Amino acid sequence: MTTYGRQPVTFVRGDGVWLWDTEGKRYLDALAGVAVNGLGHAHPALTRAISEQAGRLIHVSNIYQIAEQSRLADRLCALSGMDKAFFCNSGCEANEAAIKLARLYGHGKGIENPAIVVMDKSFHGRTLATLSATGNRKVQAGFEPLVPGFVRVPFDDLDAVKQVAGRNPNVVAVLVEPVQGEGGINIPRDGAAYLRGLREICDTHGWLLMLDEVQSGIARTGTWFAFQHAGIEPDVVTLAKGLGSGVPIGACLARGVAANVFTPGKHGSTFGGNPLACVAALATLDTIEQDALGTHAEQLGNWIHEALSARLKNVSGVVTIRNAGLMIGIELDRPCGDLVRQALDVGLLINVTADTVVRLLPPLILSQEEAAKLVDILSGLIRKFLGQAA
């Protein structure tokens, strides 16, 4: 089906941060499958773990105990401070689980029509509930009637959330991305204060604080999870993308009362948390930890930000450059989708989101030399696109 506006290239091989197409042309991958391939391509530790597990056991039903799933749940809970984990196959499924959990939590409190506070410019997925929660009219258009039960407020606006609390007794949770990825790498003015403020509001009103870390999680911003920069404890955290380094897996983690909302029969997944996916995730976590890739992501992301800022200083048309680790956005004053093809033509993979933001989500293993090459190519492309000499 024509659900994708695909670029005219087919990749057949990868190694590290590089990809090769059917014609043998090499590309620097600064997108990592949209924040998925944190370990790059063909990482030996991941390849070995998947191969060995495939030779033992790929899938069994969640009717039975799954040792690899239990190990991964323990590991993620230890890293995040959560108590329990539900496994699925994607980010939207993880967010669906969180939405269901919040509604069930609300019904347990005697609220007949539970509501969840969500943010403008957010993105939580393309299933009916998650696109209804998403703050982007473009992805919702044509799929009405939307799922009710969401109250929308501006991102990074604590007063707006407080106003909702004062007038809507049906609210049971807040669902928010610590850094909005699809929305344009939108970072709160004071990310720590924003998340702490949301935590305080939720505590005051008995709401669940649910953080969508599908894109920002798994060391991309410098810590295992973006919320850890603020020193808070959410009630629910959703993960996917970089968790399995390309093997589909999602997770909904929960703490405290939220961890015990689901009981047998209330939710489930056929493929979620199967041995192969869990081993891929465990190998990913092991490698990130052993190679200190979180610290590397924060330091290199900040370097790229500084280097791009220097190269594009005083360039008319560049609005701002922002980053949280290796989540990097270059906002221009005009739609810039054409840059994707222009970059492809010179061997660089990037993305444009929110029409005007060049988004970079490179593998966590990107080296300093490769980052310098990325900056060289991209700054020249942007200058040329904006009609200014390199």
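Quick note: residue numbers are just sequence positions, from 1. Here the structure is a predicted model, which is why all the values come from computation and not from measurement.
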CA sep, side-chain torsions, deciding dist, call: Arg126, Gln140, side chain to side chain donor-acceptor pair (under 3.5 Å): CA-CA 8 Å; Arg126 295 183 184 274; Gln140 296 171 337; over 6 Å; no

[X] and [Y]: side-chain donor and acceptor closer than 3.5 Å?
| X | Y | result |
| --- | --- | --- |
| Glu306 | Ser309 | no |
| Thr22 | Thr10 | no |
| Thr127 | Glu96 | yes |
| Ser90 | Glu93 | yes |

Exercise: identify the closest heavy-atom pair between Asp345 and Lys25: O-NZ, 2.7 Å

How far apart are the C-alpha atoms of Gln290 and Thr287, what are their side-chain angles, what is the distance that settles it, and do they pass the side chain to side chain donor-acceptor pair (under 3.5 Å) test? CA-CA 5 Å; Gln290 291 164 10; Thr287 303; 5.1 Å; no

Look at the rings of His267 and Phe262 and say which category their plane angle falls in: under 30° parallel, 30 to 60° tilted, over 60° perpendicular. parallel

Lys/Arg N to Asp/Glu carboxylate O, [X] vs [Y], below 4.0 Å:
| X | Y | answer |
| --- | --- | --- |
| Asp235 | Arg255 | yes |
| Glu144 | Arg137 | yes |
| Asp376 | Arg311 | yes |
| Glu289 | Arg75 | yes |

Return yes if some donor-acceptor pair links the side-chain N/O of Glu213 with the main-chain N/O of Ala226 below 3.5 Å, else return no. yes

I want to check something: taking the side chain as every heavy atom from C-beta on, are Met119 and Arg152 in contact at a cut-off of under 4.5 Å?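 Result no, sub-4.5 Å side-chain heavy-atom pair not found.
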
Student check: side-chain heavy atoms of Phe225 and Leu79 closer than 4.5 Å: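 When only atoms from C-beta onward are counted, Leu79 and Phe225 do touch, with a gap below 4.5 Å.
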
Between [atom1] of [X] and [atom2] of [Y], what distance do you get to the nearest 0.5 Å?
| X | Y | atom1 | atom2 | result |
| --- | --- | --- | --- | --- |
| Phe227 | Thr221 | CZ | OG1 | 10.5 Å |
| Ile328 | Ile304 | CD1 | CD1 | 4.0 Å |
| Lys266 | Leu101 | NZ | CG | 12.0 Å |
| Ile249 | Leu243 | CD1 | CG | 5.0 Å |
| Cys278 | Arg71 | SG | CZ | 9.0 Å |
| Leu211 | Leu175 | CG | CG | 8.5 Å |

With Glu182, the salt bridge (charged side-chain N to carboxylate O under 4.0 Å, His left out) member among Lys138, Lys241, Arg359: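 Only match with Glu182 under salt bridge (charged side-chain N to carboxylate O under 4.0 Å, His left out): Arg359.
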
Give the C-alpha distance, both sets of side-chain angles, the deciding distance and a yes or no for side chain to side chain donor-acceptor pair (under 3.5 Å) between Asn95 and Thr130. CA-CA 7 Å; Asn95 286 328; Thr130 56; over 6 Å; no

Determine, step by step, whether Thr223 and His229 satisfy the side chain to side chain donor-acceptor pair (under 3.5 Å) criterion, reporting the C-alpha distance in whole Å, the side-chain angles of both residues, the deciding distance to 0.1 Å, and the verdict. CA-CA 7 Å; Thr223 51; His229 293 289; 3.2 Å; yes

Side chain to side chain contact (heavy atoms under 4.5 Å, CB included), that's the test. Do Ile330 and Val357 meet it? Break it down for me. CA-CA 5 Å; Ile330 305 101; Val357 179; 6.0 Å; no

For residues 32-43, which residue pairs qualify under side-chain hydrogen bond (donor to acceptor under 3.5 Å, both in side chains), counting only residues two or more places apart or in two chains? Asp29-His41

